[in-house]
Protein chains: 2
Amino acid sequence: MAVKHRVSRRSRSRSVGISDVAAAAGVSTASVSRFMHDPMRVSPKLRDRVEAAIKELNYIPHRAGRALASRQSLIVGAIVPTLENAIFSRQVMTFQQNLRDAGYTLLLATSEYDPELEFRQARVMLEHGVDALMLVGQKRGSEFYEMLERASIPFITTWIYSKNSIHPCCGFSHETAMKRVVDYVVELGHRNIGVVTGFANVNDRVAARLKGIRKALKEHGLELMRDKIAYSEYTFDAGGEALARLLEKGERPTAIVCGNDILAAGVLTEARKRNIKVPEELSVMGFGDLDIAAQLDPPLSTVRTPKAEIGEAAATYLLNSLEGRKTESRIEVDIKFCWRDSFGRASKK
Amino acid sequence: MAVKHRVSRRSRSRSVGISDVAAAAGVSTASVSRFMHDPMRVSPKLRDRVEAAIKELNYIPHRAGRALASRQSLIVGAIVPTLENAIFSRQVMTFQQNLRDAGYTLLLATSEYDPELEFRQARVMLEHGVDALMLVGQKRGSEFYEMLERASIPFITTWIYSKNSIHPCCGFSHETAMKRVVDYVVELGHRNIGVVTGFANVNDRVAARLKGIRKALKEHGLELMRDKIAYSEYTFDAGGEALARLLEKGERPTAIVCGNDILAAGVLTEARKRNIKVPEELSVMGFGDLDIAAQLDPPLSTVRTPKAEIGEAAATYLLNSLEGRKTESRIEVDIKFCWRDSFGRASKK
DNA sequence: GTGAAAGCGCTAACAC
DNA sequence: GTGTTAGCGCTTTCAC
């Protein structure tokens, strides 16, 4: 069976092509091509014959040929860090649906948060002749953007927004988001705030969030001490361990701000394990608003990010660019703060 | 900006191709091609010149050309129902990683559980000349399989397993899985068992699970009454509503068996809302073992399915087929029953 | 080991 | 409206 495929690919009796259809219908290949793209451009008589021939022969056009001749692959690429994080899988799904409705197909790769790998994947996509490309984040070497420039295809960076962004982008300001969160956290009386976050060196969104946190604290005359930050992988267990590390050092924080909901869930569990009451003794804040956030015990306060909207807006931007339509290239989406039971006022000691 | 792309695509000063490289290196295109595929097949002197030319010109080979000439796209397709369900996004991610390591790229589409759409997506993939295809489930019209047959590419159906499967497959028997679950549930003393499940008419795995449930009950002299089944969308809220519907009818079940963990989570929440104690008054069983299962309150009993393993095994099978290696085409993966606090003995009334 | 040249399946300019 | 034809960028015989 396995062998069959290999053999058959090579020696396959040249599968039916446009010329076979043309011959069967007694027309030229050009007419078949015209029929394929816009049936109304050929006469009814011819139309029927071509249609019949296509059905008869089970003709499936070969897009590689088409791509070569028309310089359009009708493929759009997307590279996301991972599909294990629901925010990206949701984004990709919506992206794909919108592309499909416009006749494009999705070439998908994951970078696993590895810049090196992301670059290689992008290169492969360009080799495949993608008509456009969606990326996550903006932090990458200049060779990357130069490569895109040379390919001169539209691309967009997502989960990033700044009015003055150098590149087209679609997202929100992580800095502003966290600034606002922490402003409110301080307002609730918290002074000793711990942070559980992903690794900032690999991910520009994490760095921006930290910046926002620091900014807010500074404005309130506070400072984010190094021993109040626990860097962690984006897993449930790592979140719990991160809290454990935080608790080992100095005075216990009254609030923990987390880089995402998975980490926050881990923190919640670890807190329960240690008999620390949430939110009475410890307030916990997530980020992302995964479906699970509201189901946790206690329900998790978090920041709702519009995952689907980002996927859709990215698709819309790229499609507009491809079709030559005028379109906004710095797209801000709304986030929402969801205050649930996991977060409360600072306990007065 | 938008316009720029369109214009530039059409009028782009023919980007650098293999002949440019050949010219720059003072060799034939054949030699460049040889160098690309196996540097050792050209002399060291020539090798250096070609390598330099490629760097110099930033040459990026165009795979459409290659695909046309070599009859290999180096693209593999995957169609899954959705990426919103973590089992599929996990599977896809692993699938993609394994493909990438072998030099293939992933073309991805979702069917949204719509057979019609799945068929169209599959067709598009064949148009793109995918070298192989991964699908979910086996229930589809014969035109579908005939189309694949004509394309004569290897494909595999996943989340399905049967020794005697007509098509290559990789998964487990949903029927056996649920039979074993229910056998045990009955052993725990449950006689009045409710089922919250997805829609069986669109999904062969759901149907198989129901079959397994019925079979187990029958062996124990029980029967699955129609009013003990609640069909539901695969969402959290729908799971809760499904439980509500079940409770409206007749005597309250002592156990609820769910089609997946999301539904089960909804059931759990609805039960709490109604002050029904889990597991004392109502036992709840999920399916799939998502990360959240163990975090729910109480921790959810469920069936662990090897999502990554399925993605990997599917990739391995397809790659083996493509490379002409002998390979098992009916692959069974192990599932594991996770008994956690949400499930207990039937209460004695 | 290397080059020349004939396509792969399709589109698009041009001529009718 | 329709057909002819010259490529698109690459691989792959086949000679040398």
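Every chain is numbered from 1 and lettered A, B, ... according to where its sequence line falls, protein lines coming before strand lines. Nothing here was measured: the structure is a model prediction, and the numbers come from that model. Excluded from the calculations below are hydrogen atoms, water molecules and symmetry mates; all remaining heavy atoms, backbone and side chain alike, are included.
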Rounded interatomic separation in angstrom, taking CZ from B/Arg41 and P from D/dT11: 11 Å
Note, B/Arg140 side chain near B/Tyr145 side chain (heavy atom, < 4.5 Å): yes
Length of the line joining A/Leu74:CG and C/dG9:P, which is rounded to integer Å: 19 Å
Sugar-phosphate only, base, or nothing, as touched by B/Val32 at under 4.0 Å among non-hydrogen atoms: nothing
Separation of atom CZ in A/Arg71 from atom P in C/dA13, rounded to whole Å: 12 Å
d(CG, A/Asp38; P, C/dA12) in whole Å: 13 Å
Close approaches to DNA chain D from residues 43-69 of chain A, in residue order (heavy atom, under 4.0 Å): A/Ser43, A/Leu46, A/Leu68, A/Ala69
Under 4.0 angstrom between A/Ser70 side-chain N/O and C/dT11 OP1 or OP2: no
Nearest-angstrom distance from the residue atom CE of A/Met36 to C1' of C/dA12: 16 Å
Residue-phosphate contact under 4.0 Å: A/Ser33 side-chain N/O, C/dT11 OP1/OP2: yes
Interatomic distance, A/Glu127 CD vs D/dC10 C1' [rounded to whole Å]: 13 Å
Spacing between B/Met40 atom CE and C/dT2 atom C1', to the nearest angstrom: 17 Å
B/Gln72 CD - D/dT11 P separation (whole Å): 11 Å
Within-4.5 Å side-chain heavy-atom neighbours: A/Gln97 and B/Glu112: yes
Any A/Ser31 side-chain N or O less than 4.0 Å from OP1/OP2 of D/dT2: no
Least distance between heavy atoms, A/Met125 atom then A/Ile79 atom: SD-CG1, 4.0 Å
Within the sub-3.5 Å range, which N or O atoms of nucleotides 14-16 of chain D have a protein N or O partner, and how far apart are they?
none

Presence of salt bridge, A/Arg123 and A/Glu127, under 4.0 angstrom: yes
